[in-house]
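Data first, discussion second: the structure below is written as structure tokens.
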Protein chains: 4
Amino acid sequence: MTNTMGNIFKVSTFGSSHGKAIGALIDGCPANLELNEKDIQKELDLRRPGTSSITTSRHELDKVEILSGIFEGKTDGTPILALVFNKDNKSKDYSSLKNTPRPAHGDYTWKTKFGNYDYNGGGRGSGRVTIGHVIGGAIALKILEKFNIKIISHVTQVGDIKAKKVGLDYIESNTLKNSVRTADLNAAKEMEKLILGLKAKGDSVGGVVETIAIGVPPGVGNPIFEKLDGEIAKALMNIGSVKGVELGFGFDLAKDTASKTNDEFYIEGNLNSNYINPNFKYAPLHYGHSNLGSNDLGSNGKHQNKYEEKAILATTNTSGGILGGISNGMPIVTKIAVKPTPSISLSQNTVDLEKMENTAIEIKGRHDPCICPRITAVSKSVLAIVILDGMLRGGFIPLDNLNNLIF
Amino acid sequence: MTNTMGNIFKVSTFGSSHGKAIGALIDGCPANLELNEKDIQKELDLRRPGTSSITTSRHELDKVEILSGIFEGKTDGTPILALVFNKDNKSKDYSSLKNTPRPAHGDYTWKTKFGNYDYNGGGRGSGRVTIGHVIGGAIALKILEKFNIKIISHVTQVGDIKAKKVGLDYIESNTLKNSVRTADLNAAKEMEKLILGLKAKGDSVGGVVETIAIGVPPGVGNPIFEKLDGEIAKALMNIGSVKGVELGFGFDLAKDTASKTNDEFYIEGNLNSNYINPNFKYAPLHYGHSNLGSNDLGSNGKHQNKYEEKAILATTNTSGGILGGISNGMPIVTKIAVKPTPSISLSQNTVDLEKMENTAIEIKGRHDPCICPRITAVSKSVLAIVILDGMLRGGFIPLDNLNNLIF
Amino acid sequence: MTNTMGNIFKVSTFGSSHGKAIGALIDGCPANLELNEKDIQKELDLRRPGTSSITTSRHELDKVEILSGIFEGKTDGTPILALVFNKDNKSKDYSSLKNTPRPAHGDYTWKTKFGNYDYNGGGRGSGRVTIGHVIGGAIALKILEKFNIKIISHVTQVGDIKAKKVGLDYIESNTLKNSVRTADLNAAKEMEKLILGLKAKGDSVGGVVETIAIGVPPGVGNPIFEKLDGEIAKALMNIGSVKGVELGFGFDLAKDTASKTNDEFYIEGNLNSNYINPNFKYAPLHYGHSNLGSNDLGSNGKHQNKYEEKAILATTNTSGGILGGISNGMPIVTKIAVKPTPSISLSQNTVDLEKMENTAIEIKGRHDPCICPRITAVSKSVLAIVILDGMLRGGFIPLDNLNNLIF
Amino acid sequence: MTNTMGNIFKVSTFGSSHGKAIGALIDGCPANLELNEKDIQKELDLRRPGTSSITTSRHELDKVEILSGIFEGKTDGTPILALVFNKDNKSKDYSSLKNTPRPAHGDYTWKTKFGNYDYNGGGRGSGRVTIGHVIGGAIALKILEKFNIKIISHVTQVGDIKAKKVGLDYIESNTLKNSVRTADLNAAKEMEKLILGLKAKGDSVGGVVETIAIGVPPGVGNPIFEKLDGEIAKALMNIGSVKGVELGFGFDLAKDTASKTNDEFYIEGNLNSNYINPNFKYAPLHYGHSNLGSNDLGSNGKHQNKYEEKAILATTNTSGGILGGISNGMPIVTKIAVKPTPSISLSQNTVDLEKMENTAIEIKGRHDPCICPRITAVSKSVLAIVILDGMLRGGFIPLDNLNNLIF
């Protein structure tokens with residue numbers, strides 16, 4: 001499905017930068033989830049532009065409307081159509097870009113593939129299509145939250161400025177306090193300065209965004225071609241401007257030895273550990289599940305004590321919470337490389353497709369000098385969709401009706 | 001499909017390290033491809049262990065047999081079953097690993113998920129399952145070759161030793177001349193020394209593998225959720241031990257500005273350029289295709305001269321040949337981070353799943369101290385499968401019958 | 001995909017009888033198809049109620065709006081969202097049906113599955129959801145028409161009244177001339193009388209609808225689990241109220257012998273035969289294609305004369321145009337059994353789900369006493385979607401861009 | 001997936017009549033099912049030819065071998081490869097059929113589509129490919145049996161001889177007692193006589209096969225495009241020689257009125273009714289499930305008495321156990337129209353594809369004069385696969401590990 005992500009929880013998106021509407025159709029969402037526009041709007045507002053000096057100054061309210069799939073305030077198992085009507089889609093004349101593809105954008109390749117290409121604001125190649133990602137993500141996040149799974153996303157690098165490593169609590173409490181959306185408040189200032197300097201020159205800069213899922217039970221992911229890390233890599237790489245994906249220590253593992261990096265297992269006796277999700281305590285082995293074999297059930301059909309009071313964790317997490325393509329219960333840690341926003345006002349060489357001649361363009365308008373802060377909302381959404389989809393596929397969450405609690 | 005990759009050209013793999021057989025079922029291969037065991041064996045021999053001092057000394061001949069899908073020496077459009085019977089599958093006693101999952105392996109997560117886990121040699125979590133990838137890849141490579149598309153793979157880093165950057169021709173001619181499979185013959189010696197030193201200590205090391213596709217026409221890939229880079233990222237991340245994927249300059253783009261990294265387009269008047277595939281010269285715009293609009297056809301229904309004698313290329317390739325999720329005709333350049341082989345003979349902490357107690361293990365046996373050289377055969381295969389699948393989906397290659405040449 | 005039909009040309013539908021909107025999202029439609037609301041409205045008007053005394057007297061204008069996927073009047077390869085806003089969705093109080101499922105309707109099973117069920121007008125179990133089918137079908141029909149493929153649908157039986165068999169031309173010219181949509185104008189009068197009689201009693205009646213595709217080239221369909229007849233059977237059975245599907249002579253073949261029913265092949269020398277589609281004359285074997293082997297091409301790369309001037313047809317068509325799951329070039333003939341509309345105003349026994357007691361209901365309101373006439377628009381649409389999808393999958397129609405004519 | 005059926009439980013088949021091997025690859029089978037060759041052989045023996053005077057006298061032992069997916073006697077969640085090596089594949093010279101397609105067979109259409117067609121014994125168009133269906137079906141049947149779901153299949157018509165209607169118990173006990181596999185032992189004699197008479201003349205005859213699933217809980221099936229009846233219709237129509245499919249009363253419903261045929265619901269107080277599956281008594285509404293709403297749970301979190309002691313059934317079953325595309329708990333009743341075996345030794349007209357001339361053939365050899373008795377094993381298998389797949393998709397059966405009992 002070219003415009004659909006997910007296997008059970010399927011998010012199909014539609015619409016382009018300057019078309020009538022943009023949004024998502026969600027199929028496979030279990031029934032009985034309380035859902036209204038506010039649940040989605042909350043996440044859309046996190047990706048919305050115009051909220052600080054380092055994003056584009058375009059004014060887009062992006063008010064979402066739900067047109068199907070809700071009955072008496074709750075999902076009813078039928079497809080959810082949610083969309084935003086584009087308000088400002090007649091504001092600018094893009095005709096100068098019709099035959100001169102912008103370097104590092106998809107203009108040329110989309111035109112090549114489909115022949116008929118909407119060049120206004122990048123058409124469906126625009127970053128605006130991530131409104132669809134976030135609509136799907138907001139619904140996924142709301143379900144995951146019910147099961148005590150949390151997803152956080154923050155900027156760890158802008159240009160050559162790297163944020164210092166901090167704990168999960170620190171990330172959660174600080175990220176939204178600054179316009180760069182980094183947890184390192186000192187680095188935030190430097191990053192902002194760098195971005196504003198480049199903005200003034202008409203240039204832009206790249207960065208790195210880390211997105212983490214906490215509370216995913218062990219057992220999610222389907223080897224060997226629907227591994228959880230494979231699905232995550234695809235979903236993240238599919239976001240516009242992303243050129244690299246790492247799981248756990250990623251490329252740093254390439255430099256090192258197994259004796260230094262293998263994550264060792266240990267028995268955790270404290271089931272109140274942050275890494276143990278109380279919702280899945282009777283789920284797989286991690287929390288004392290019968291997957292070790294049927295003899296693990298006591299004569300009364302209940303789990304034996306030895307599994308009930310203990311869990312298995314790892315002392316380190318270089319693997320980023322996934323082993324053999326399956327979650328191991330530790331936080332799932334991902335990083336993406338975000339390229340500099342390709343739209344810049346400096347002169348660039350390109351070609352005239354009509355005349356088949358070399359030419360040059362300057363891209364006027366208001367662009368994000370660094371897209372990383374806004375991309376945090378998108379990476380959070382797609383990670384949520386992938387994890388929810390994997391949990392539904394694995395039977396961790398009821399498939400048709402959230403009220404069918406299976407524990 | 002958990003054990004299937006591809007949408008049109010579908011490679012479903014099966015088998016485990018110590019089961020009876022291991023292999024692949026290929027569905028969706030067009031008919032009329034000449035194919036026999038030698039075509040596949042050639043690629044399998046590139047992933048086979050025991051060929052040098054830096055791979056495991058296990059002796060596995062891995063002779064492939066084709067059991068269906070060929071009629072009179074050619075594919076006939078029906079599923080191709082090809083497999084290797086495991087010869088050496090009774091050689092060792094793995095029972096000590098039954099309840100003590102090896103750190104950084106999938107033992108624990110597979111056991112958690114499925115309950116019944118074949119711990120012999122890693123079962124289906126073993127690197128031996130990539131025999132299936134290579135069987136599928138060998139067939140894909142043979143088709144791509146007919147269309148002048150070439151895929152090369154080489155090691156660019158082992159531990160902290162990086163190979164110097166060299167040209168495509170150099171990579172092709174040098175990679176198979178050394179056991180490390182790097183194109184930098186000086187670095188090769190250092191890398192080999194590093195690997196042998198760690199092998200002697202019972203340790204292992206990671207590395208980076210670059211895999212490149214040359215000759216892919218512009219227009220391959222299906223935004224926005226089956227982008228070519230998304231599919232590539234998934235396929236590469238699904239390979240065991242891979243923890244990171246980059247397209248083009250990858251994480252280096254995060255550090256830089258658009259003014260320095262945007263790939264600029266230009267008109268190439270020489271259609272004999274290495275970057276132009278003669279097979280697709282009447283295909284999309286790049287080579288003068290009608291995708292610009294029907295008025296680009298002359299009155300005789302032929303393409304007008306201005307497109308026939310010129311093509312569009314980019315002066316640099318930081319994007320790695322993909323823009324907006326669609327190939328742009330430049331080489332497709334990927335890199336993967338390979339973690340150190342997790343099996344090491346040094347003592348490591350783990351748990352006893354039966355007793356739910358902490359314990360330690362030493363993994364005896366013959367393991368690859370660096371899996372990168374052998375992984376080149378696997379990454380080449382999966383890139384071939386993804387690209388062929390995308391080209392079939394886009395109608396670049398006849399879908400049911402290779403003799404239905406459409407140009 | 002629970003709410004999606006098609007593999008390449010994918011029609012995902014959404015919405016319920018009394019929700020805000022109802023419609024379809026079409027992904028995989030090739031670019032460069034001229035398309036506007038009128039193209040879709042034309043087909044929607046054929047399924048619209050209230051157009052005669054034998055359909056429900058509900059007044060639904062069902063004006064379609066296209067919200068995405070069109071650029072400069074043509075499809076651009078991106079998803080097409082088209083929908084109808086429900087106008088009359090507050091008109092009636094359905095609360096008496098909340099806990100008393102209507103016999104032969106999906107009320108009980110939907111409620112069982114999803115827990116939260118919109119009982120207003122049948123919710124998404126309503127026949128109104130076929131608005132989505134017809135939106136998708138209208139687009140498919142427009143593409144097929146460009147390739148000289150025609151689909152016609154007519155009522156052949158109402159209750160025990162059967163229409164007499166007539167030729168294709170006769171069907172085309174007469175079906176829309178009467179409210180029953182049968183080609184036999186004498187039977188039409190009797191059928192109408194039967195229907196009006198039952199309507200007066202508050203009862204309803206079933207019937208049979210025949211739908212035929214003319215001009216499909218040989219070679220469409222993918223054995224052995226995506227056979228063309230398998231896909232057609234699924235698509236037709238998925239229409240509400242359909243309880244049986246036949247291909248060709250269907251159940252009549254069960255009564256007969258091979259010597260009487262096997263369709264015999266013959267050489268047709270007249271390429272102007274009605275059964276030969278001029279658009280595919282250089283396509284598969286039927287019209288002289290190279291599928292017999294590469295030696296069928298002359299030294300100049302052109303097809304040899306013996307295939308260019310002749311085609312292969314069958315003297316009879318008991319098989320309904322499909323052999324071995326693949327079209328053979330003859331008309332594709334399907335029949336469906338349509339059950340009586342289950343909503344009747346006579347008293348029926350049912351249960352109270354809340355009290356878990358037996359009870360009875362009378363379903364007031366305006367219902368179709370025979371749904372067959374309106375179902376012709378739906379069966380035509382789904383057959384169009386299945387055939388277009390199969391032709392795209394087989395490479396008969398350009399996949400991304402209709403201007404990429406491949407012949 | 002052209003050669004795969006199923007969405008979660010996926011059966012991919014391969015092989016042709018006279019190739020080296022024929023079989024199936026099953027992906028998505030939950031772990032911890034005890035499985036060995038005997039479980040599969042038992043079902044294969046039911047489709048094997050040569051067991052009576054009314055089947056072909058060909059001798060095919062069809063011994064199955066399992067090559068992957070089993071660990072310590074149980075499935076382990078990895079793909080199961082099971083196949084039969086063709087023993088007798090060199091016995092006959094089919095070269096006379098190379099260019100003269102047999103009427104009513106797929107020879108011509110397969111050749112048209114793929115160019116390279118294995119004409120020996122019908123290649124992959126042969127009925128022998130149903131070995132793959134039965135391998136997949138045997139595994140599905142074993143899982144369904146664990147959940148008290150039973151599937152039975154019998155012949156109800158041969159030519160114009162119809163068996164009289166009998167009860168489910170009668171069908172079970174009599175069907176395998178006669179070579180025709182009909183439950184009406186009187187009709188069996190007449191049918192056998194008819195078949196033997198046609199066999200003597202070199203002719204063949206069609207028939208009807210009824211296949212019934214008992215014990216399927218309400219709630220299986222995914223409207224509106226993966227309805228349970230849609231999936232069943234596809235799976236049955238995909239079987240070679242099938243030209244029609246009915247659910248419940250099928251085409252008889254077209255003749256009748258709603259007042260006579262609507263299935264009315266009632267409260268069943270006896271939970272030992274044959275129509276209530278004890279395995280799902282805490283599952284959906286039918287057996288007192290919480291799907292009516294959370295207030296149906298008592299203060300102790302248990303279901304309230306009113307649902308625990310009663311179930312909902314229907315007094316008649318014209319709908320064949322499916323309403324709105326979802327099972328309603330009543331038996332699922334299907335019928336298929338089977339055409340006469342197209343291979344007959346009488347002379348038939350056809351064409352010479354090489355010479356493009358009219359010609360005639362007589363098909364020598366040993367063919368089934370009526371394929372219905374053997375097809376019962378195949379229709380039972382495909383119905384089992386569809387129902388298991390739907391139950392896995394709906395969360396009725398644990399997805400990854402059968403030991404994860406969820407009730």
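Every heavy atom of this structure was used, including side-chain atoms; hydrogens, water molecules and symmetry mates were not. Quick note on labels: first sequence line is chain A, next is B, and so on, each numbered from 1.
Between Leu81(C) and Leu81(A) there is a side-chain heavy-atom pair separated by less than 4.5 Å. Within the 4.5 Å cutoff, side-chain heavy atoms of Phe85(A) are placed close to those of Leu67(C). Contact of the Asn401(A) side chain with the Asn116(C) side chain is not registered, since no non-hydrogen atoms from C-beta on lie closer than 4.5 Å.
Taking non-hydrogen atoms and a 4.5 Å limit, the residue list of residues 73-80 of chain C in contact with chain A, ordered by number, reads Lys74(C), Thr75(C), Asp76(C), Gly77(C), Thr78(C), Pro79(C). When the heavy atoms of residues 117-144 of chain A are compared with those of chain C, the residues falling under 4.5 Å are Tyr117(A), Asp118(A), Tyr119(A), Asn120(A), Arg124(A), listed by number.
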Got a list of side-chain donor-acceptor pairs under 3.5 Å for residues 390-400 of chain A, not counting sequence neighbours?
| from | atom 1 | to | atom 2 | distance (Å) |
| --- | --- | --- | --- | --- |
| Asp400(A) | OD2 | Lys113(C) | NZ | 2.9 |

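Neither the backbone nor the side chain of Glu65(C) comes within contact range of chain A; no heavy atom of the residue lies under 4.5 Å from a heavy atom of that chain. Only the backbone of Ile66(A) comes within less than 4.5 Å of a heavy atom of chain C; no side-chain atom from C-beta onward does.
With sequence neighbours excluded, the residues that form a side-chain hydrogen bond (donor to acceptor under 3.5 Å, both in side chains) with Ser343(C) are His105(C).
Annotation for Ser12(A) and Leu25(C): closest pair CB-CD2, 3.8 Å, computed over non-hydrogen atoms. Here the closest non-hydrogen pair linking Ala21(C) and Ser68(A) is O-CB, 4.3 Å.
The side-chain hydrogen bond (donor to acceptor under 3.5 Å, both in side chains) with Asp27(C) is formed by just one residue from the set Asn3(A), Thr4(A), Thr13(A); it is Asn3(A).
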